[in-house]
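Down below is the structure, laid out as C-alpha coordinates.
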Amino acid sequence: MGTTSRTPASYRASRLRGSWPSCHGGEWIAVAGYGTSTEAMRKASKGISDAAKDTADELKKVGQTETISRDFGEAHQQHFAKYKTGIDNFGKGIANMTGVLAGFAGKIGSGAATYDDVESTNAGNVGSQY
(Lines give C-alpha, C1' and ligand atoms only; values in the text may rest on other atoms or scores of the structure.)
Protein backbone atom coordinates (compact mmCIF):
# COMPACT_ATOMS: atom_id res chain seq x y z
CA MET A 1 0.00 0.00 0.00
CA GLY A 2 1.21 3.48 -0.84
CA THR A 3 1.33 6.51 1.33
CA THR A 4 -1.39 9.08 1.13
CA SER A 5 -0.88 12.75 0.58
CA ARG A 6 -3.07 15.67 1.54
CA THR A 7 -2.22 17.43 -1.72
CA PRO A 8 -4.88 16.85 -4.38
CA ALA A 9 -3.74 14.57 -7.21
CA SER A 10 -4.65 17.16 -9.85
CA TYR A 11 -2.33 19.71 -8.20
CA ARG A 12 0.51 17.17 -7.94
CA ALA A 13 0.06 16.22 -11.60
CA SER A 14 0.10 19.86 -12.72
CA ARG A 15 3.32 20.44 -10.78
CA LEU A 16 4.99 17.43 -12.41
CA ARG A 17 4.00 18.26 -15.97
CA GLY A 18 6.50 21.09 -16.27
CA SER A 19 9.45 19.27 -14.76
CA TRP A 20 9.54 15.75 -16.24
CA PRO A 21 10.13 14.49 -19.78
CA SER A 22 6.97 14.35 -21.85
CA CYS A 23 6.05 11.63 -24.32
CA HIS A 24 4.92 13.01 -27.70
CA GLY A 25 4.40 10.71 -30.67
CA GLY A 26 6.45 7.93 -29.11
CA GLU A 27 9.52 10.15 -28.52
CA TRP A 28 10.71 11.32 -25.17
CA ILE A 29 11.44 15.03 -25.18
CA ALA A 30 13.15 16.57 -22.15
CA VAL A 31 11.43 19.66 -20.86
CA ALA A 32 13.71 22.72 -20.87
CA GLY A 33 15.18 23.62 -17.52
CA TYR A 34 18.39 24.75 -15.94
CA GLY A 35 21.60 23.76 -17.61
CA THR A 36 25.30 24.37 -17.38
CA SER A 37 28.31 24.31 -19.62
CA THR A 38 31.35 22.69 -18.09
CA GLU A 39 33.50 24.40 -20.72
CA ALA A 40 32.13 27.81 -19.69
CA MET A 41 32.76 26.93 -16.04
CA ARG A 42 36.37 25.95 -16.80
CA LYS A 43 36.93 29.18 -18.75
CA ALA A 44 35.43 31.24 -15.93
CA SER A 45 37.58 29.43 -13.38
CA LYS A 46 40.74 30.11 -15.37
CA GLY A 47 39.77 33.73 -16.02
CA ILE A 48 39.09 34.44 -12.36
CA SER A 49 42.23 32.61 -11.27
CA ASP A 50 44.41 34.48 -13.79
CA ALA A 51 42.88 37.84 -12.81
CA ALA A 52 43.48 37.15 -9.12
CA LYS A 53 47.10 36.19 -9.79
CA ASP A 54 47.69 39.24 -12.01
CA THR A 55 46.12 41.51 -9.40
CA ALA A 56 48.26 40.04 -6.64
CA ASP A 57 51.42 40.44 -8.74
CA GLU A 58 50.61 44.01 -9.76
CA LEU A 59 49.54 45.23 -6.33
CA LYS A 60 52.15 43.41 -4.24
CA LYS A 61 53.94 46.67 -3.48
CA VAL A 62 50.82 48.61 -2.47
CA GLY A 63 51.17 47.60 1.17
CA GLN A 64 54.88 48.39 1.17
CA THR A 65 55.14 52.15 1.40
CA GLU A 66 58.45 53.95 1.20
CA THR A 67 56.92 57.00 2.83
CA ILE A 68 58.33 57.86 6.26
CA SER A 69 57.02 60.16 8.98
CA ARG A 70 59.35 63.02 7.94
CA ASP A 71 57.62 63.01 4.53
CA PHE A 72 54.49 64.27 6.27
CA GLY A 73 56.25 67.45 7.34
CA GLU A 74 56.99 68.77 10.81
CA ALA A 75 53.40 69.74 11.59
CA HIS A 76 51.85 66.43 10.53
CA GLN A 77 54.23 63.65 11.60
CA GLN A 78 51.76 62.45 14.24
CA HIS A 79 49.45 61.31 11.39
CA PHE A 80 52.01 58.95 9.88
CA ALA A 81 51.11 56.04 12.20
CA LYS A 82 47.49 56.08 11.01
CA TYR A 83 48.62 56.35 7.39
CA LYS A 84 51.02 53.42 7.80
CA THR A 85 48.33 51.30 9.50
CA GLY A 86 45.89 52.10 6.69
CA ILE A 87 48.39 51.19 3.96
CA ASP A 88 49.30 47.95 5.78
CA ASN A 89 45.62 47.02 6.11
CA PHE A 90 45.00 47.84 2.45
CA GLY A 91 47.85 45.54 1.43
CA LYS A 92 46.48 42.75 3.60
CA GLY A 93 43.02 43.30 2.11
CA ILE A 94 44.39 42.91 -1.42
CA ALA A 95 46.16 39.69 -0.42
CA ASN A 96 42.96 38.36 1.17
CA MET A 97 40.86 39.35 -1.85
CA THR A 98 43.15 37.56 -4.27
CA GLY A 99 43.14 34.48 -2.03
CA VAL A 100 39.34 34.45 -1.92
CA LEU A 101 39.11 34.87 -5.70
CA ALA A 102 41.57 32.02 -6.23
CA GLY A 103 39.50 29.83 -3.90
CA PHE A 104 36.30 30.77 -5.73
CA ALA A 105 37.92 29.91 -9.07
CA GLY A 106 38.93 26.55 -7.63
CA LYS A 107 35.35 25.84 -6.56
CA ILE A 108 34.05 26.64 -10.05
CA GLY A 109 36.67 24.35 -11.59
CA SER A 110 35.79 21.61 -9.12
CA GLY A 111 32.10 22.03 -9.97
CA ALA A 112 32.88 21.65 -13.68
CA ALA A 113 34.78 18.44 -13.00
CA THR A 114 31.89 17.11 -10.93
CA TYR A 115 29.39 17.91 -13.69
CA ASP A 116 31.65 16.13 -16.20
CA ASP A 117 31.82 13.05 -13.96
CA VAL A 118 28.06 12.98 -13.44
CA GLU A 119 27.35 13.44 -17.15
CA SER A 120 29.79 10.68 -18.03
CA THR A 121 28.26 8.32 -15.48
CA ASN A 122 24.72 9.13 -16.61
CA ALA A 123 25.63 8.62 -20.27
CA GLY A 124 27.12 5.25 -19.38
CA ASN A 125 24.07 4.26 -17.38
CA VAL A 126 21.67 5.25 -20.15
CA GLY A 127 23.82 3.54 -22.79
CA SER A 128 23.93 0.29 -20.83
CA GLN A 129 20.12 0.19 -20.64
CA TYR A 130 19.71 -0.02 -24.41
Do other residues, nucleotides or ligands put more than 12 heavy atoms under 6.0 Å from [X] [atom1]?
X	atom1	result
H79	NE2	yes
F104	CZ	no
K43	NZ	no

Should I94 and L101 be counted in the same cluster of Ile, Leu, Val, Met, Phe, Trp and Tyr side chains packed under 4.5 Å apart?
-> no
Answer with yes or no whether the hydrophobic clustering places I48 together with V100; edges join I, L, V, M, F, W, Y residues whose side-chain heavy atoms lie under 4.5 Å apart.
->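 They do not share one cluster, since no chain of ILVMFWY contacts under 4.5 Å joins I48 to V100.
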Please report the C-alpha distance between D88 and K92 in whole Å, then the side-chain angles of each, then the deciding distance to 0.1 Å, and finally whether the salt bridge (Lys or Arg N to Asp or Glu O under 4.0 Å) criterion is met.
-> CA-CA 6 Å; D88 290 345; K92 289 175 189 174; over 6 Å; no
Would a distance-only check, ignoring hydrogens and angles, find a side-chain to backbone donor-acceptor pair under 3.5 Å from T114 to S110?
-> yes
Would you say the side-chain atoms of D71 pair up with the backbone N or O of I68, donor to acceptor, closer than 3.5 Å?
->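 At least one qualifying donor-acceptor pair exists.
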Spatial distance of atom [atom1] ([X]) from atom [atom2] ([Y]) [nearest 0.5 Å]:
X	Y	atom1	atom2	answer
H76	S69	NE2	OG	13.0 Å
Y115	N122	OH	CG	12.0 Å
M41	K107	CE	NZ	12.5 Å

With a 4.5 Å heavy-atom cut-off, do T65 and K84 have their side chains touching?
->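 In short, these two side chains touch, coming nearer than 4.5 Å.
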Any D116 side-chain heavy atom under 4.5 Å of R42 side chain =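 Yes, close enough: below the 4.5 Å cut-off.
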Quick one: closest heavy-atom pair of [X] and [Y], and the distance?
X	Y	value
A105	S45	O-OG, 2.6 Å
M97	T55	CE-CG2, 3.7 Å
A102	A52	N-CB, 4.2 Å

Test side-chain contact (heavy atoms from CB on, under 4.5 Å) applied to T67 and F72, step by step = CA-CA 8 Å; T67 304; F72 274 64; 3.8 Å; yes
Step-by-step side-chain contact (heavy atoms from CB on, under 4.5 Å) determination, T38 to E119 = CA-CA 10 Å; T38 55; E119 288 296 317; 5.9 Å; no
